[in-house]
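Reviewing the structure listed below.
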Amino acid sequence: MDREKALSLVKEQLTEKRYIHTIGVMETAIELAKKYKADEKKAEIAAIFHDYAKFRPKDEMKSIIIEQKMPADLLLHHSELWHAPVGAYLVKEEAGIADEEILGAIRYHTSGREHMTLLDKIIYVADYIEPGRKFPGVEEVRLSAQENLDAALKQAMSNTIIFLIKQGQAVYPQTLEAYNGLLLNRKDRLND
């Protein structure tokens, strides 16, 4: 699917503010894909569609989670998590994108997962650091992303986990698994 068609489909689903965010994520994802030698076209498409389901009604997302037998524990956590796996499903059904690498990057852009692919990491980090984002810690992650994608990902996840804890919210287990996986799978740990 070409960029213009993808953006046209997504624009119908988003607010103007979220569409501007999506453009920022797309541009950032393409930059990161170039830097880390990932497939730029897949990064572009995954970034464009990452928030496809963001504004779907919660009842609709809940029904899709149940009907599609997505992990039931999603329903125990904040609904902010839901748009990623539901979005991957809807992008496949409504936009006809069947590439599992792209769908996986959409599916895990909020939670992360253990053994994230390069594309997963790029979309997660691009969503976190796109130019419109302004919150404590984002500049450090932006700088880190220019040097080491895994370090940027680890810092972004750490910031998110700490934020959720400070807000008194539960942390989705898959996010903790992703974070722990980044720590435990480091090559230099063999020298510890």
Side-chain angles (χ1 to χ4, degrees), residues 9-26 28-29 46-95 102-114 116-117 119-138 140-142 145 152-182:
L9 288 171
V10 166
K11 191 168 189 173
E12 295 172 12
Q13 304 293 325
L14 303 177
T15 63
E16 184 63 25
K17 182 178 178 184
R18 185 54 53 163
Y19 182 74
I20 292 167
H21 160 75
T22 295
I23 298 295
V25 175
M26 178 191 74
T28 304
I48 289 171
F49 282 103
H50 83 284
D51 275 348
Y52 185 76
K54 182 86 171 173
F55 297 105
R56 294 292 176 109
K58 285 182 185 158
D59 288 346
E60 178 186 357
M61 289 195 284
K62 185 176 180 179
S63 293
I64 290 170
I65 290 168
I66 293 166
E67 289 166 12
Q68 295 305 311
K69 297 180 175 39
M70 294 177 186
D73 64 346
L74 276 168
L75 299 175
L76 301 174
H77 292 271
H78 198 284
S79 59
E80 182 64 25
L81 279 174
W82 300 357
H83 78 277
V86 169
Y89 168 77
L90 290 173
V91 165
K92 184 174 185 177
E93 295 298 308
E94 295 178 3
I102 292 171
L103 295 174
I106 296 167
R107 186 177 295 115
Y108 300 112
H109 85 269
T110 56
S111 65
R113 63 171 161 171
E114 196 170 10
M116 290 173 77
T117 68
L119 186 60
D120 291 347
K121 294 173 184 181
I122 286 168
I123 300 305
Y124 189 103
V125 171
D127 185 33
Y128 193 90
I129 67 169
E130 66 92 0
R133 297 286 203 190
K134 293 176 182 21
F135 50 81
V138 73
E140 291 83 355
V141 178
R142 281 188 184 118
L153 179 63
K154 185 176 70 125
Q155 186 61 51
M157 283 188 174
S158 174
N159 291 351
T160 299
I161 291 166
I162 290 167
F163 174 80
L164 290 170
I165 291 168
K166 285 182 177 178
Q167 297 295 312
Q169 294 184 24
V171 179
Y172 191 54
Q174 197 166 36
T175 303
L176 293 172
E177 289 169 10
Y179 179 76
N180 287 340
L182 286 169

Under 6.0 Å from the CZ atom of Phe55, do we count more than 12 heavy atoms belonging to anything else shown? yes
Quick check: closest heavy atoms across [X] and [Y], and the distance to 0.1 Å?
{"X": "Ser111", "Y": "Tyr172", "answer": "CB-CD2, 3.8 Å"}
{"X": "Met26", "Y": "Ala47", "answer": "CA-CB, 3.5 Å"}
{"X": "Ala145", "Y": "Val125", "answer": "CB-CG1, 4.1 Å"}

Return the CG to NZ distance between Asn180 and Lys154, rounded to the nearest 0.5 Å. 11.5 Å
Centres of the Tyr128 and Phe135 rings: under 6.0 Å? yes
Begin from the C-alpha positions of Tyr179 and Ile161 and carry the test side-chain contact (heavy atoms from CB on, under 4.5 Å) through to its verdict. CA-CA 9 Å; Tyr179 179 76; Ile161 291 166; 3.9 Å; yes
Are the side chains of [Y] and [X] in contact, using a 4.5 Å heavy-atom criterion?
{"X": "Ile64", "Y": "Trp82", "value": "no"}
{"X": "Asp127", "Y": "Arg133", "value": "yes"}
{"X": "Gln13", "Y": "Arg18", "value": "no"}
{"X": "Leu75", "Y": "Ile66", "value": "yes"}

Between His109, His83, His21, which is the residue that forms a side chain to side chain donor-acceptor pair (under 3.5 Å) with His50? His21
Residues passing the salt bridge (Lys or Arg N to Asp or Glu O under 4.0 Å) test with Glu94, sequence neighbours excluded, are Arg56
Please determine whether a side-chain nitrogen of the Lys or Arg among Arg107 and Asp120 lies less than 4.0 Å from a carboxylate oxygen of the Asp or Glu. no
